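What's counted below: heavy atoms across the whole structure, side chains too, no hydrogens, waters or symmetry copies. Worth saying up front: this structure is predicted, and the values here are computed from it rather than measured. If you read the sequence from its start, that first residue is 1, and numbering goes on from there.
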Amino acid sequence: QVQLVESGGGLVQAGGSLRLSCAASGRTFSSYAMGWFRQAPGKEREFVTAISWSGGSTYYADSVKGRFTISRDNAKNTVYLQMNSLKPEDTAVYYCAAAPFGGSYSKTYEYDYWGQGTQVTVSS
């Protein structure tokens, strides 16, 4: 069982930066791949980025590649999402999630555990 709590969301102007954190409970955090998804009003939840259990592999949606960076600290049971050059279209609720098995990491069904989400709003 893994419990996830996101933090770090807020309101930022276009071009600005935010750093999201996702703190996980449970001693098996390091065995899970971790992902970030986002959901804007009226839209489906979409994949943003993921990182393998070791941190050796990362995956990004084309829309955030070069602007967002995912990282993890297994000693702190925490995964991070550094978001730079934010755009109004990045506005959404951001969720972190834990996946117990390998895969593409871009599908919601691959993830067993989800956080409650944190709101990110980018003003133009």
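The environment of CD in E89 is crowded: more than 12 heavy-atom neighbours from other residues, nucleotides or ligands sit within 6.0 Å.
For the pair T121 (side chain) and L11 (backbone), a donor-acceptor distance under 3.5 Å is absent. A donor-acceptor distance shorter than 3.5 angstrom exists from the side chain of T78 to the backbone of K76, with no hydrogens or angles considered. R19 places no side-chain N or O within donor-acceptor distance of the main-chain N or O of Q82, the cut-off being under 3.5 Å. For E6 (side chain) and L20 (main-chain N/O), no donor-acceptor pair under 3.5 Å exists by modelled atom type.
Ion pairing between a basic and an acidic side chain is recognised when a charged N comes within 4.0 Å of a carboxylate O; K65 and D62 show such pairing.
Here CD of Q39 is found 10.0 Å from OG1 of T108. Values are rounded to the nearest 0.5 Å. Considering CZ of R67 and CG of D90, their distance stands at 4.0 Å, rounded to 0.5 Å. In this structure, OG1 in T49 is found 11.5 Å from CE in M34, a value given to the nearest 0.5 Å. With rounding to the nearest 0.5 Å, the separation of OG in S63 from CD in E46 is 5.5 Å. Between the CG atom of L81 and the OG1 atom of T69 there is a distance of 8.0 Å, given to the nearest 0.5 Å. Distance CG/D73 to OG/S21: 10.5 Å, rounded to 0.5 Å.
There is a side-chain donor-acceptor pair under 3.5 Å between S104 and E110. Between N84 and S17, the side chains place a donor N or O and an acceptor N or O closer than 3.5 Å (distance only, hydrogens not considered).
In this structure, the side chains of V120 and T91 stay at 4.5 Å or more apart for every pair of heavy atoms. Considering only heavy atoms from C-beta on, I70 comes within 4.5 Å of Y60 through its side chain. Between Q13 and V122 the shortest side-chain heavy-atom distance does not fall below 4.5 Å. The shortest distance between side-chain heavy atoms of R38 and V64 falls below 4.5 Å. With contacts defined as side-chain heavy-atom distances shorter than 4.5 Å, the pair L86/L18 qualifies. In this structure, Y32 and N74 have side chains that are not in contact, with every pair of non-hydrogen atoms separated by 4.5 Å or more. No side-chain heavy atom of W53 sits under 4.5 Å from any side-chain heavy atom of S31.
If you chain together hydrophobic residues whose side chains sit under 4.5 Å apart, V48 and L4 fall into the same group. At a threshold of 4.5 Å between side-chain heavy atoms, the hydrophobic network of Ile, Leu, Val, Met, Phe, Trp and Tyr places V12 and M83 in one connected group. Both F68 and I51 sit in one connected hydrophobic cluster of ILVMFWY residues. Membership requires side-chain heavy atoms under 4.5 Å apart, directly or through other members.
The two residues A92 and A40 have their closest heavy-atom pair at CB-N, 3.8 Å. Considering all non-hydrogen atoms of both residues, Y105 and A50 come closest at CB-CB, 3.6 Å. Scanning all heavy atoms of the two residues, the minimum distance from P100 to A98 falls at CD-O, 4.0 Å.
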> Going through the distances and angles, do T28 and V2 end up as a side-chain contact (heavy atoms from CB on, under 4.5 Å)?
Replying inline: CA-CA 8 Å; T28 59; V2 177; 4.1 Å; yes
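Results of the ring-ring contact (aromatic ring centres under 6.0 Å, His included) test with W114 over W36, Y94, F37, Y109 single out F37 as the only residue that passes.
Geometric assessment of R45 against the ring of Y95 yields a positive cation-pi assignment under the 6.0 Å and 45° thresholds. Cation-pi check for R72 over F29 is met; the charged atom lies under 6.0 angstrom from the ring centroid and within 45 degrees of its normal.
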